[in-house]
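Each remark here refers to the structure printed beneath this line.
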2 protein chains.
Amino acid sequence: MFNIESFECPIMATIAMISDKWKILIIYRLCNGTMRFNELMRSLQGITQRVLTQQLRELEADGLVSRKIYPEVPPRVEYSLTKVGRTLLPVLEKLEEWARKHSGELIAARNKATAQLEKLKNRVKA
Amino acid sequence: MFNIESFECPIMATIAMISDKWKILIIYRLCNGTMRFNELMRSLQGITQRVLTQQLRELEADGLVSRKIYPEVPPRVEYSLTKVGRTLLPVLEKLEEWARKHSGELIAARNKATAQLEKLKNRVKA
DNA sequence: GGTAATAGTATCCAATTGGATAGTATACCA
DNA sequence: TGGTATACTATCCAATTGGATACTATTACC
């Protein structure tokens, strides 16, 4: 979690805000509209309650998500993307565009690296 | 380190490629041109040799950085951004643009969260 | 012969992240 | 009365990340 202004690179601050494992998925779930905690829990297969709470709190602290508590029992809490959170979506789309455009090259590079690692492992065995 | 195609979200794969602590800084050092290992070491204050090696190898495996070994003694290895690595720069600029444009709101949200945390801490003390 | 440079590797460790599991107070329902 | 739902908190743990430190082989230089 980086401070935007006190760090030389606002890019790293932005990436730090969204790079924890579930944050992009949470943001995308919320871009369809308001959701409650257990709705998010159910839609994010594999996440635990502790991690969902933690990452929602951090997204709220970063100003990307808002949290509205209704004074009811049992508790009703609604999570939404903030206005600022919504402005991040086109930027994430640029990341996706880039990844799709270059997926061939990226996969080729990955395969090459994997092959070289296998080669090295076999050499160490011999 | 995510696999682009096997994961539902290429955005997360891209972020995974660049979110380790030093990777953005390495990319930006290399966008000015080829550098050698110790040049990078010296220009990245605080990094250790083990971490620089590791993160360079990962950037190479991801196809963003190329590594050229000259058969010399002492060893001469040159690191450069690949063509694909260079295409990432405008995307990173979009992230920076977004962060600068919304820095006021992001800082306000952070301050609000910090204030609420202090309030909670004081309440627990009482 | 000692020192420095090169680009790492090896080993250990502290801190962090994400996961697993159990528990919470109240209302509702069969 | 017990089960379920809600939105968490609490505690513990395994895995990962980044850092610290020492070492490596060879050459060049003084």
Side-chain angles (χ1 to χ4, degrees), chain A residues 1-2 7 12 15-26 29-30 34-62 65-80 113 116-117 120-121 123-124, chain B residues 1-2 7 12 15-26 29-30 34-62 65-80 113 116-117 120-121 123-124:
Chain A
M1 193 179 280
F2 282 97
F7 193 82
M12 290 175 61
I15 288 173
M17 281 189 244
I18 58 178
S19 61
D20 291 338
K21 182 175 174 179
W22 297 95
K23 285 181 175 173
I24 295 288
L25 292 169
I26 293 169
R29 292 299 182 276
L30 294 179
T34 294
M35 288 179 80
R36 293 176 66 175
F37 185 91
N38 274 358
E39 288 181 290
L40 281 164
M41 270 296 301
R42 286 191 288 270
S43 88
L44 296 166
Q45 289 295 312
I47 200 169
T48 64
Q49 292 174 323
R50 198 192 73 79
V51 170
L52 180 57
T53 301
Q54 181 196 16
Q55 301 204 355
L56 278 170
R57 293 304 173 94
E58 285 171 13
L59 287 167
E60 182 190 4
D62 289 332
V65 160
S66 71
R67 175 168 177 267
K68 187 171 185 180
I69 303 169
Y70 294 81
E72 301 176 6
V73 174
R76 175 154 70 105
V77 178
E78 288 181 353
Y79 291 94
S80 314
Q116 280 180 335
L117 201 65
L120 201 68
K121 276 177 181 169
R123 191 170 289 161
V124 164
Chain B
M1 192 179 281
F2 283 96
F7 193 81
M12 290 175 63
I15 288 174
M17 281 190 245
I18 57 178
S19 61
D20 292 338
K21 184 176 174 179
W22 296 94
K23 286 181 173 174
I24 294 289
L25 292 169
I26 292 169
R29 292 299 182 274
L30 294 179
T34 294
M35 288 179 80
R36 294 176 66 177
F37 185 90
N38 274 358
E39 288 182 291
L40 281 164
M41 271 296 300
R42 284 190 290 270
S43 88
L44 296 166
Q45 289 296 314
I47 200 169
T48 64
Q49 290 175 323
R50 199 192 72 80
V51 171
L52 180 56
T53 301
Q54 182 196 16
Q55 300 204 356
L56 279 170
R57 292 306 174 94
E58 285 171 14
L59 287 166
E60 181 190 5
D62 290 331
V65 160
S66 71
R67 176 169 177 265
K68 188 173 187 181
I69 303 169
Y70 294 82
E72 300 176 5
V73 174
R76 176 155 68 106
V77 179
E78 288 181 351
Y79 291 95
S80 314
Q116 281 181 333
L117 201 64
L120 200 67
K121 277 178 183 170
R123 191 171 288 161
V124 165

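Protein chains get the first letters and strands the later ones, always in sequence-line order, with residue 1 at the start of each. Excluded from the calculations below are hydrogen atoms, water molecules and symmetry mates; all remaining heavy atoms, backbone and side chain alike, are included. Just so you know, these numbers come straight off a predicted model, no measurement behind them.
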Separation of C/dA20 C1' from A/Gln54 CD (nearest whole Å): 14 Å
Separation of D/dT6 C1' from A/Met35 CE (nearest whole Å): 15 Å
note: A/Leu44, atom CG; C/dG19, atom C1'; distance rounded to Å ~ 15 Å
Can you check the B/Arg42 CZ to C/dT6 C1' distance for me, whole Å? 10 Å
Nearest-Å distance for atom pair CG/P, residues B/Asp20 and D/dT16: 13 Å
Report the distance from atom CG of A/Leu52 to atom P of C/dA20, rounded to the nearest whole Å. 14 Å
Got A/Val77 and A/Phe37 here, is their nearest side-chain heavy-atom distance under 4.5 Å? no
In whole angstroms, the gap separating C1' of D/dG19 from CE of B/Met41 amounts to 11 Å
Checking the side chain of A/Gln55 only, and the main-chain atoms of A/Trp22 only, is there a donor and an acceptor separated by less than 3.5 Å? yes
What pairs of residues pass the salt bridge (charged side-chain N to carboxylate O under 4.0 Å, His left out) test when at least one of them lies in residues 69-80 of chain B, not counting sequence neighbours? B/Glu72-B/Arg76, B/Arg76-B/Glu78
Measure CD/B/Glu58 against P/D/dG18 and give the value in whole Å, please. 8 Å
Might you work through the side-chain contact (heavy atoms from CB on, under 4.5 Å) test for B/Leu30 and B/Leu40, ending with a clear yes or no? CA-CA 9 Å; B/Leu30 294 179; B/Leu40 281 164; 4.3 Å; yes
Could I get a table of every N or O pair under 3.5 Å where one atom is in the protein and the other is in nucleotides 7-15 of chain C?
from  : atom 1 : to      : atom 2 : distance (Å)
C/dA7 : OP1    : B/Arg36 : NE     : 2.8
C/dA7 : OP1    : B/Arg36 : NH2    : 3.2
C/dA7 : OP1    : B/Val77 : N      : 3.4
C/dA7 : OP2    : B/Asn38 : N      : 3.0
C/dG8 : OP1    : B/Arg57 : NH2    : 3.2
C/dG8 : OP1    : B/Arg67 : NH2    : 2.6
C/dG8 : OP2    : B/Tyr79 : OH     : 2.3
C/dG8 : N7     : B/Gln49 : OE1    : 3.3
C/dG8 : N7     : B/Gln49 : NE2    : 3.3
C/dG8 : O6     : B/Gln49 : OE1    : 2.5

Only pairs at least two apart or in different chains count here, so list each salt bridge (charged side-chain N to carboxylate O under 4.0 Å, His left out) that has a residue in residues 36-57 of chain A. none
Which value, rounded to the nearest 0.5 Å, describes the distance between B/Ile26 atom CD1 and B/Leu59 atom CG? 5.5 Å
With a 4.0 Å limit, can you tell me whether A/Trp22 has a side-chain N or O closer than that to the phosphate oxygens OP1/OP2 of C/dT17? no
